[in-house]
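The next block holds one structure in the form of structure tokens; read it before the comments.
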Amino acid sequence: MKPLVAVARLVRVHAALAGAALTLLGARLTGAALPGRDLLLMALAVAWATAGGNALNDVQDCRIDGVNRRDRPIPAGAIGVKAACGIGAGALLLALLCAAFVSAWCLAI
């Protein structure tokens, strides 16, 4: 498995993008008149938080996945546990950074 493909599978890019899209849809449905910059940052915060959470979930589930989901990046040996922790933590930090540039409320959530 190629490294970028392994990372994309670890963070479940499709889920992160879906979270970002649903964030934008939710803002639209509420009728919120937010600046485009804030909408983009909120969508990015959700995407990064989803990616980080998925990576750290796979770290926690690596033994179980070794039995039930051997195709996932950690049990398949495409990404090590330490690297997955770093990817997850980095993504969560990026989510916090994006949220901080929107508002204190966004950061708190």
Side-chain angles (χ1 to χ4, degrees):
M1 186 179 315
K2 294 184 180 187
L4 286 179
V5 172
V7 171
R9 292 192 61 219
L10 177 74
V11 301
R12 295 179 190 78
V13 170
H14 63 285
L17 293 175
L22 290 170
T23 300
L24 295 174
L25 177 62
R28 172 83 172 138
L29 291 174
T30 65
L34 297 168
R37 173 189 166 274
D38 286 354
L39 288 171
L40 175 63
L41 287 169
M42 288 185 326
L44 286 171
V46 169
W48 284 120
T50 301
N54 284 331
L56 294 177
N57 177 68
D58 275 11
V59 169
Q60 290 299 307
D61 290 348
C62 66
R63 270 198 244 157
I64 294 167
D65 287 345
V67 174
N68 297 320
R69 297 294 308 265
R70 292 186 191 137
D71 60 319
R72 289 218 169 136
I74 296 173
I79 294 179
V81 171
K82 285 185 181 181
C85 283
I87 291 165
L92 291 176
L93 286 173
L94 286 170
L96 289 172
L97 185 64
C98 289
F101 279 104
V102 176
S103 70
W105 280 109
C106 188
L107 179 60
I109 292 170

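The basis for the numbers below is simple: all heavy atoms, side chains too, and nothing from hydrogens, waters or symmetry mates. Predicted, not measured: the structure shown is a model, and the values here were computed from it.
- Without hydrogens or angle criteria, Arg37 side chain to Phe101 main chain gives a donor-acceptor distance under 3.5 Å.
- In terms of heavy atoms, Asn54 sits closest to Val11 at ND2-O, 3.2 Å.
- With a 6.0 Å radius and a threshold of 12 heavy atoms from other residues, nucleotides or ligands, Leu29 has its CG atom above the threshold.
- Atom CG of Leu97 sits about 8.5 Å away from atom CG of Leu41, to the nearest 0.5 Å.
- Contact annotation: the side chain of Val7 approaches that of Ile87 to within less than 4.5 Å [non-hydrogen atoms, C-beta and beyond].
- In this structure, the side chains of Thr50 and Val46 come closer than 4.5 Å at one or more pairs of heavy atoms.
- Residues Arg72 and Asp58 meet the side-chain proximity criterion, which asks for heavy atoms closer than 4.5 Å.
- Across Ala89 and Leu56, no two heavy atoms sit closer than the pair N-CD2, 4.4 Å.
- When all heavy atoms of Pro73 and Ala6 are compared, the closest pair comes out as CG-O, 3.4 Å.
- Taking every heavy atom of both residues into account, Ala95 and Ala49 meet most closely at CB-N, 3.5 Å.
- Checked for salt-bridge contact, Asp71 and Arg69 meet the test: a charged N lies under 4.0 Å from a carboxylate O.
- The main-chain N or O of Leu34 is never found under 3.5 Å from a side-chain atom of Asp38 such that the two would form a donor-acceptor pair.
- Between Asp65 and Arg70, none of the side-chain N atoms (NZ, or NE/NH1/NH2) sits under 4.0 Å from a carboxylate O, so this pair counts as no salt bridge.
- A 4.5 Å side-chain heavy-atom check between Leu39 and Leu24 finds at least one atom pair inside the cut-off.
- Between Ala84 and Ile79, the shortest heavy-atom contact is N-CG2, 3.8 Å.
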Point to revise | Steps toward side-chain contact (heavy atoms from CB on, under 4.5 Å) verdict (Leu17, Val13) | key: CA-CA 6 Å; Leu17 293 175; Val13 170; 3.7 Å; yes
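- Under the side chain to side chain contact (heavy atoms under 4.5 Å, CB included) criterion, Leu44 pairs with Leu40, Trp48, Cys98, sequence neighbours left out.
- To the nearest 0.5 Å, the span separating OG on Ser103 from CE on Met42 amounts to 8.5 Å.
- Considering all non-hydrogen atoms of both residues, Ala20 and Ala43 come closest at CB-O, 3.5 Å.
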